[in-house]
K.L.:
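Dumping the structure here so I can ask a few things about it.
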Amino acid sequence: MSETLDYGDYTARPVADGDRSQAADIGERALRALYDGPLLPYALLRYRLMLRRCRHTDRHTYTTFLRSPGQLRLLAGPVIDFLRPGGAGGERLEIVLLACSNGAEAYTIASWLHRHRPGLDFRIRASDLHPGMAARARAARYSAAEVLHGPFVTRAFLRDTFLEEGAEFVVRPEIRARVEVEQADLLDAARLSARFGPVPLVVAQNVLFHLPDPAAERAFAGLTGLLAPRAVLMVAGMNLELRARLTAQAGLAPFAQDVRRIHREGRAHTPPHWWRVPWGAEPYLPFRHDPVRRYATVFRRG
Ligand SMILES: C[S@@+](CC[C@H](N)C(=O)[O-])C[C@H]1O[C@@H](n2cnc3c(N)ncnc32)[C@H](O)[C@@H]1O
């Protein structure tokens, strides 16, 4: 048995010029409208019940390039401005990125910062629990389906990030050079902190929703333990109530820019019947208590 659940069913989509998601087909749109509209109380109830019963696994490796353009704009704008208040110069910005899967997220961030913060010196230390995933990230070589299955991939991003070699997409050397890859377990807080901390930017996305709540809480403590006194944590993809509670307890403040849009982009990667899977999330509900904290994915300390 393979150590991970790989997604052999990735299929390449047509590439967009702008970053708007390719329209979902009519059946999918109708289902989304139903579950996010009149059937929302039913979906919320089923989601709660599912979470109580589901079996979590650390073997899900679904990932995609350019998973959330809104979050990347937030990163290249307010986040970097916060971390580098005097401008892009100064010492190298160290970024620790956990649970990197095949590397799509790390190379996306590297490409985006390279393009949108050209004066910024940065390095991404990426890692994954599974050595096979770390090896694939290190290889930085992808099939068309791996690169093109995400709904937000644009021509400009492809040009900035890859060289095409036959049927393969190879990460450009200047982007590849920004990323180092190793194996690491985000539940091993002592080891993480000895190897990586403290750092100004920690990224651990779409992984905590794969852990049972007590393990997610432990992992979250390990992540905050990595943060420098002035630092940012990017943590899309975890239980919304748990994240709101833990970020507040840790004294982390949400970045408010585009919260609603980023939440919507995150949901583009889950099926319309989001309540059936632990990585599903309710739609943005403005009547929730403190919606900015509830739906934000990026938080600052200091
Ligand atoms: C769904 S993928 C998310 C990948 C990427 N962060 C993204 O947002 O697209 C989750 C990844 O978390 C990794 N993972 C699961 N448990 C982990 C752990 N305890 N420590 C580090 N990585 C873990 C899995 O191997 C998988 O590659």
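One-based numbering along the sequence shown. Both counts, for ligands and for their atoms, begin at 1 and track the order of listing. What you see below is based on every heavy atom in this structure, not just the backbone, and it leaves out hydrogens, waters and symmetry mates.
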K.L.:
Between the protein and ligand 1, are there any N or O atom pairs that come within less than 3.5 Å of each other, and if so, what are their names and distances?
P.N.:
{"from": "ligand 1", "atom 1": "6 (N)", "to": "Ala99", "atom 2": "O", "distance (Å)": "2.8"}
{"from": "ligand 1", "atom 1": "6 (N)", "to": "Glu105", "atom 2": "OE1", "distance (Å)": "2.7"}
{"from": "ligand 1", "atom 1": "6 (N)", "to": "Gln205", "atom 2": "O", "distance (Å)": "2.9"}
{"from": "ligand 1", "atom 1": "8 (O)", "to": "Gln205", "atom 2": "O", "distance (Å)": "3.4"}
{"from": "ligand 1", "atom 1": "8 (O)", "to": "Asn206", "atom 2": "ND2", "distance (Å)": "2.8"}
{"from": "ligand 1", "atom 1": "9 (O)", "to": "Thr63", "atom 2": "OG1", "distance (Å)": "2.5"}
{"from": "ligand 1", "atom 1": "9 (O)", "to": "Arg67", "atom 2": "NH1", "distance (Å)": "2.8"}
{"from": "ligand 1", "atom 1": "19 (N)", "to": "Asp185", "atom 2": "OD1", "distance (Å)": "2.9"}
{"from": "ligand 1", "atom 1": "20 (N)", "to": "Leu186", "atom 2": "N", "distance (Å)": "2.9"}
{"from": "ligand 1", "atom 1": "22 (N)", "to": "Leu129", "atom 2": "N", "distance (Å)": "3.3"}
{"from": "ligand 1", "atom 1": "25 (O)", "to": "Asp128", "atom 2": "OD1", "distance (Å)": "3.4"}
{"from": "ligand 1", "atom 1": "25 (O)", "to": "Asp128", "atom 2": "OD2", "distance (Å)": "2.7"}
{"from": "ligand 1", "atom 1": "27 (O)", "to": "Asp128", "atom 2": "OD1", "distance (Å)": "2.7"}

K.L.:
For Tyr35 together with Trp274, are the ring centres under 6.0 Å from each other?
P.N.:
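That pair fails the under 6.0 Å test.
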K.L.:
Under the ring pair (Phe, Tyr, Trp, His ring centres under 6.0 Å) rule, collect the residues that match up with Phe122, sequence neighbours excluded.
P.N.:
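Ring pair (Phe, Tyr, Trp, His ring centres under 6.0 Å) check on Phe122 returns nothing, list empty.
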K.L.:
Using ring centroids (six-membered ring only for Trp), state whether Tyr42 and Trp275 fall under 6.0 Å.
P.N.:
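Yes, they do, as the ring centres are separated by less than 6.0 Å.
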K.L.:
Name all residues meeting the ring pair (Phe, Tyr, Trp, His ring centres under 6.0 Å) criterion together with Phe220; count only those two or more places apart in sequence or in a different chain, and write none if there are none.
P.N.:
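Per chain and number, Phe220 pairs via ring pair (Phe, Tyr, Trp, His ring centres under 6.0 Å) with no residue.
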K.L.:
I'd like to know whether the aromatic ring centres of Phe65 and Phe152 sit less than 6.0 Å apart in this structure.
P.N.:
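No, ring centres 6.0 Å or more apart.
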K.L.:
Show me the donor-acceptor pairs, under 3.5 Å and distance only, between side chains in residues 283-293 and residues at least two apart or in other chains.
P.N.:
{"from": "Arg288", "atom 1": "NE", "to": "Glu282", "atom 2": "OE2", "distance (Å)": "3.2"}
{"from": "Arg288", "atom 1": "NH2", "to": "Glu282", "atom 2": "OE1", "distance (Å)": "2.8"}
{"from": "Arg293", "atom 1": "NH1", "to": "Thr247", "atom 2": "OG1", "distance (Å)": "2.9"}
{"from": "Arg293", "atom 1": "NH1", "to": "Leu252", "atom 2": "O", "distance (Å)": "2.9"}
{"from": "Arg293", "atom 1": "NH2", "to": "Leu252", "atom 2": "O", "distance (Å)": "3.0"}

